[in-house]
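Counting starts at 1 for both ligands and their atoms, in listed order.
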Amino acid sequence: MIQVACGIDIGGSGVKGALVDLDTGEYIGDQIRIPTPNPATPDAVAKVCRELVDQLDVKVGVPIGVTFPAPVFDGVVPYMANLDQSWVDVDVRALMESHLGRAVVPLNDADAAGIAEVAYGAAKGRDGVIVFTTQGTGIGSAIIVNGTLLTNTELGHLEIDGHDAEKMASAGQKTLQGLDWEQWAKRLQRYYGHVEFLLNPDLFVVGGGVSENHDKFMPLLDLKTPMIPAKLLNTAGIVGAAYYAARQS
Ligand code: BGC
């Protein structure tokens, strides 16, 4: 059984990495963060990932998972909502492997965070249909059914009332549009009400920085499905990437 893996989480403002203890889901040593290069082209970001792996001194044979803020089909990013458009159609597995000189498991950022919450966090040990959403600039989603991840769901891009859902109901839009908690909760009600109607999940888990303020918006929602905040917060992407990579190795 593999005990240690490395997770790298590529975000709009930072690229973060750490070694993860797979028994506990905790970091071994410190997380390293390098600002996302501008422009955030694939080559520039891959160089930063190499820098992280070198700084973390990741030994050969330790699995490495890398998250992207986009779906990853067979190693390839088909579209990119919130990072440089030059990522579209890039084989990110091949790109990362050429820069890192070893096998890399690429995956969607929300898939990583969702699976981490089920393995170690708020939804640990929960069966049934779990819909995890991460609230940030966009809305990312992960669906986990009895512990199995249904990869690459894109519930942030549901079209609701003629809008791309994340342009209406993400935490990023709350900030951009200066919405107060009540105004934002109305949009969340419409959004999660629709997801609930489509999927009838057993549990919603909400992640992203805003979930620290869950008491400001969750009580304002009227849903059949129980909703709980994520537990791992900042570490979820890295921990999930490491966990997923180890299971693919
Ligand atoms: C992307 C998803 C991603 C989410 C959070 C969305 O715009 O399409 O793939 O998980 O943002 O980064």
Side-chain angles (χ1 to χ4, degrees), residues 7-17 33 35-36 40 42 45 48-49 65-93 95-96 105-118 121 130-144 149-160 163-177 184 187-188 191-192 194-195 198-199 204-212 229-230 232-241 243-245:
I8 297 179
D9 195 18
I10 299 173
S13 58
V15 184
K16 303 176 300 181
R33 180 185 187 277
T36 307
V45 171
V48 167
C49 292
V66 182
T67 77
F68 297 83
V72 185
F73 297 130
D74 229 354
V76 177
V77 162
Y79 65 84
M80 181 58 85
N82 299 308
L83 204 65
D84 201 85
Q85 286 309 303
S86 56
W87 287 90
V88 176
D89 290 339
V90 169
D91 183 334
V92 293
R93 185 189 291 131
L95 172 81
M96 289 293 157
V105 177
L107 76 161
N108 172 259
D109 57 359
D111 279 348
I115 198 82
E117 289 297 335
V118 172
I130 298 170
V131 173
F132 170 85
T133 50
T134 174
Q135 282 282 354
T137 307
I139 298 178
S141 62
I143 299 180
I144 299 108
L149 174 68
L150 174 63
T151 54
N152 292 315
T153 59
E154 286 286 315
L155 299 181
H157 297 296
L158 283 172
E159 188 183 318
I160 301 180
H163 300 282
D164 184 25
E166 71 174 25
K167 292 274 172 335
M168 176 192 79
S170 71
Q173 290 296 322
K174 175 187 184 299
T175 308
L176 265 182
Q177 299 183 32
W184 190 50
R187 296 182 180 200
L188 293 180
Y191 176 65
Y192 288 107
H194 189 60
V195 174
L198 292 174
L199 296 172
F204 280 127
V205 182
V206 180
V210 78
S211 62
E212 279 178 286
L232 302 175
L233 300 175
N234 293 334
T235 70
I238 290 175
V239 171
Y243 173 83
Y244 190 76

Exercise for the section: Would you check if E166 and Q173 make a side-chain contact, meaning some heavy-atom pair closer than 4.5 Å? Expected result: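 Answer no - side chains too far apart.
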Per-pair distances, 0.1 Å, donor-acceptor, side chain in residues 205-212, under 3.5 Å, sequence neighbours excluded:
from, atom 1, to, atom 2, distance (Å)
S211, OG, G208, O, 2.7

Practice task
For Y244, check ring pair (Phe, Tyr, Trp, His ring centres under 6.0 Å) against everything at least two apart and list the hits.
Solution key: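 By the ring pair (Phe, Tyr, Trp, His ring centres under 6.0 Å) rule, Y244 matches no residue at all.
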Handout entry: Residues that Y191 engages under ring pair (Phe, Tyr, Trp, His ring centres under 6.0 Å), provided they are two or more places apart
Key =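 Applying ring pair (Phe, Tyr, Trp, His ring centres under 6.0 Å) to Y191 gives none.
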Ligand-protein N/O pairs under 3.5 Å (ligand 1):
from, atom 1, to, atom 2, distance (Å)
ligand 1, 7 (O), N82, ND2, 3.3
ligand 1, 7 (O), H157, NE2, 3.1
ligand 1, 7 (O), E166, OE1, 2.8
ligand 1, 7 (O), E166, OE2, 3.1
ligand 1, 8 (O), E154, OE1, 2.5
ligand 1, 8 (O), H157, NE2, 2.7
ligand 1, 9 (O), A70, N, 3.4
ligand 1, 9 (O), N108, ND2, 2.9
ligand 1, 9 (O), E154, OE1, 3.4
ligand 1, 9 (O), E154, OE2, 2.6
ligand 1, 10 (O), N108, ND2, 3.1
ligand 1, 10 (O), D109, OD1, 2.5
ligand 1, 12 (O), D109, OD2, 2.7

Handout entry: S170 side chain to T137 backbone, donor-acceptor under 3.5 Å
Key =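 Yes, the answer is positive, given that a donor and an acceptor are paired below the 3.5 Å cut-off.
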Practice task
Kindly give the heavy-atom pair with the smallest separation between W184 and A169, and that separation in Å.
Solution key: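 Closest approach of W184 to A169, heavy atoms only: NE1-O, 3.1 Å.
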